[in-house]
Amino acid sequence: MAAVQRPGIPTTADDDARTRPVDYALSAPSVTTDNATEPLVSPVNSHNEWDPLEEIIVGRLDGATIPSSHPVVACNIPPWAARLQGLAAGVRYPRMLIEPAQQELDQFITLLQSLGITVTRPDVVDHRQRFATPDWSSRGFCNTCPRDSMLVIGDEIIETPMAWPCRYFETHSYRALLKDYFRRGARWTAAPKPQLTDELFEADFRIPEAGEPMRYILTEFEPVFDAADFVRAGRDLFVTRSNVTNRMGIDWLRRHLGPGYRIHEIESRCRTPMHIDTTFLLLAPGKVLVNPEYIDVDRLPDVLSSWDILIAPQPNQIDERLLKMTSMCGKWLSMNLLMVDEKRVIAERHHTNMLRALEKWGFEPIPCDLLHYAPFGGSFHCATLDVRRRGTLESYFD
């Protein structure tokens, strides 16, 4: 099936498509909920990480800006990198980083479309623009990783309360898409917008050494979380507490979803935790991929006792010096996979150890290049948000 392009929503990455104005009035349904004779069928439907993928949002590199300096940004990168990041904060990413990443992103989009998957994109945004609340001001970052700012649960898209000030208005670049989905029947929710004042962040935070009790830069002043700290298995979600997700944020989502869902916390041994999808990734019913460096399999939640625990192989070494220096992600980005369905999985071509392991486990890996996306926050899972998968809400655990 050929990929479907909706009016006004570009699906290619050429310059015209990236910059053309978007008119979403063309996408509005012909009837409204006020006078509809038939209920709207939501275009949003995704309950897990593996049902057959039909529609996906892919991020953009246009306008990407080095994130503004803040302790919550600096705490997850080495001190020398944090100093350099502080000096360059608010400056556009250089072309030497953008161009190879854009080429790989274009090829990834082409691959998705060749698989019959509808691809939609956020608007182009000038992330260098300064914005402010009554308490602070910042420039933006980028919209390369829709997985962070929005969480899809069934027919609902939830805008998340992110802890990085530079990402405060990031979902605005997706608002045309969100309004289109809403008009056509999706539910659209925004978690409480955080204040992000000093009370949310631990003063003089220091990364815990190995053997020390785990600690996080976030306090419990207000709920904050990134969607990328959660993965979904129908009525069960798994989460890691991190330097962008606090207990109050997890509790907010638990209460919002109600008794029909369960949220299980995954303990991570990572000293600088941020996002679950290089630590613990659900691949198919009964199969979960874990990071042997961050996960103690003996301390996984009891609901996983009947599942196959797949241990991620050591990532292949990356020799490109500039890429190693500028990556915002750790070496385990090899785990950042995108399931097309229960068998087919898009994986980084460079990481041959992972490709071989996936084949051994009975999957059909589809190699693709996205190695140069790492300076912008991730790989295939991070760079996307699955909007529609062909499936229904189920429980995969007793």
ILVMFWY clustering at 4.5 Å (side-chain atoms), partners of Leu371
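Members besides Leu371, by chain and number: Ile318, Leu323.
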
Short side-chain donor-acceptor distance under 3.5 Å, [Y] and [X]:
X	Y	value
Arg130	Ser68	no
Asn45	His47	yes
Glu49	His381	yes

Would Leu370 and Asn336 count as a side chain to side chain contact (heavy atoms under 4.5 Å, CB included) if you check the C-alpha gap in whole Å, the side-chain angles of each, and the deciding distance to 0.1 Å?
CA-CA 10 Å; Leu370 205 61; Asn336 206 250; over 6 Å; no

Can you tell which of Asp229, Asp386, Asp226, Asp277 makes a salt bridge (charged side-chain N to carboxylate O under 4.0 Å, His left out) with Arg147?
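Among Asp229, Asp386, Asp226, Asp277, the one that satisfies the salt bridge (charged side-chain N to carboxylate O under 4.0 Å, His left out) with Arg147 is Asp386.
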
Work out which heavy atom in Asp51 is nearest to a heavy atom in Gly391; give both atom names and the distance.
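Taking every non-hydrogen atom into account, OD2-CA, 3.4 Å.
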
Measure across Leu151 and Ala227 and return the closest heavy-atom pair with its distance rounded to 0.1 Å.
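Closest approach of Leu151 to Ala227: CB-CB, 3.7 Å.
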
For [Y], is there any backbone N or O sitting under 3.5 Å from a side-chain donor or acceptor partner on [X]?
X	Y	answer
Asn246	Val224	yes
Glu222	Leu196	yes
Arg60	Asn143	no
Glu156	Ile153	no
Thr160	Met162	no
Glu342	Ala284	no
Glu348	Ser379	no
Arg235	Gly260	yes
Arg269	Pro292	yes
Thr240	Ser242	no

Could you tell me if the side chain of [Y] sits less than 4.5 Å from the side chain of [X], heavy atoms only?
X	Y	answer
Met214	Pro273	yes
Trp164	Glu170	no
Ile66	Tyr93	yes
Val387	Ser46	no

Check the surroundings of atom [atom1] in [X]: do more than 12 heavy atoms from other residues, nucleotides or ligands lie under 6.0 Å from it?
X	atom1	answer
Phe182	CZ	no
Asp135	CG	yes
Asp296	CG	yes

Centre-to-centre under 6.0 Å for Phe141 and His127, is that the case here?
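Distance test on ring centres: not under 6.0 Å, no.
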
Could you measure the distance from the [atom1] atom of [X] to the [atom2] atom of [Y]? Nearest 0.5 Å is fine.
X	Y	atom1	atom2	answer
Phe380	Ile366	CZ	CD1	10.0 Å
Asn316	Arg349	CG	CZ	13.5 Å
Asp308	Leu283	CG	CG	10.5 Å
Leu310	Trp361	CG	CH2	5.0 Å
Glu364	Leu358	CD	CG	11.0 Å
Leu337	Cys368	CG	SG	12.0 Å

Please determine whether side chain to side chain contact (heavy atoms under 4.5 Å, CB included) holds for the pair Leu115 and Leu53, giving the CA-CA distance in whole Å, both sets of side-chain angles, and the decisive distance to 0.1 Å.
CA-CA 9 Å; Leu115 295 170; Leu53 183 58; over 6 Å; no

Charged N-O contact under 4.0 Å between Arg262 and Asp236
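Judged by the 4.0 Å cut-off on N to carboxylate O distance, Arg262 and Asp236 do form a salt bridge.
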
So, are Arg254 and Asp251 salt-bridged, with charged N and O less than 4.0 Å apart?
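A salt bridge links Arg254 with Asp251.
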
For Phe238, which of Phe280, Phe230, Tyr261, Trp307 qualifies under ring pair (Phe, Tyr, Trp, His ring centres under 6.0 Å)?
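Checked Phe280, Phe230, Tyr261, Trp307 against Phe238; only one passes ring pair (Phe, Tyr, Trp, His ring centres under 6.0 Å): Phe280.
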
Verdict with supporting geometry, Glu159 and Arg175, salt bridge (Lys or Arg N to Asp or Glu O under 4.0 Å):
CA-CA 10 Å; Glu159 295 184 58; Arg175 283 297 173 90; 3.2 Å; yes

Side chain to side chain contact (heavy atoms under 4.5 Å, CB included) between Arg184 and Leu40: does it pass, once the steps are laid out?
CA-CA 6 Å; Arg184 294 191 289 137; Leu40 297 176; 5.8 Å; no

Quick one, Phe131 with Tyr168, criterion ring pair (Phe, Tyr, Trp, His ring centres under 6.0 Å). Give me CA distance, side-chain angles, the key distance, then yes/no.
CA-CA 9 Å; Phe131 51 81; Tyr168 200 72; 7.0 Å; no

Run the side chain to side chain contact (heavy atoms under 4.5 Å, CB included) test on His70 and Trp136 for me, step by step, so that the C-alpha distance in whole Å, both residues' side-chain angles and the decisive distance to 0.1 Å come before the verdict.
CA-CA 11 Å; His70 191 281; Trp136 49 265; over 6 Å; no

Give the cluster check for Ile158 versus Met150: same hydrophobic cluster or not, with ILVMFWY residues linked at side-chain heavy-atom distances below 4.5 Å.
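The answer is no; the residues belong to distinct hydrophobic clusters.
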
For Glu394, give me all partners under side-chain hydrogen bond (donor to acceptor under 3.5 Å, both in side chains), at least two apart in sequence or on another chain.
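For Glu394, no residue satisfies side-chain hydrogen bond (donor to acceptor under 3.5 Å, both in side chains) once neighbours in sequence are set aside.
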
Give me the ring orientation class for Phe376 and Tyr373: parallel if the planes are under 30° apart, tilted from 30 to 60°, perpendicular past 60°.
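Rings of Phe376 and Tyr373: tilted, as their planes differ by 30° to 60°.
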
Let's go through Glu320 and His350 carefully: what are the C-alpha distance in whole Å and the side-chain angles of both, what is the deciding distance for side-chain hydrogen bond (donor to acceptor under 3.5 Å, both in side chains) to 0.1 Å, and is it a yes or a no?
CA-CA 12 Å; Glu320 191 175 330; His350 172 82; over 6 Å; no

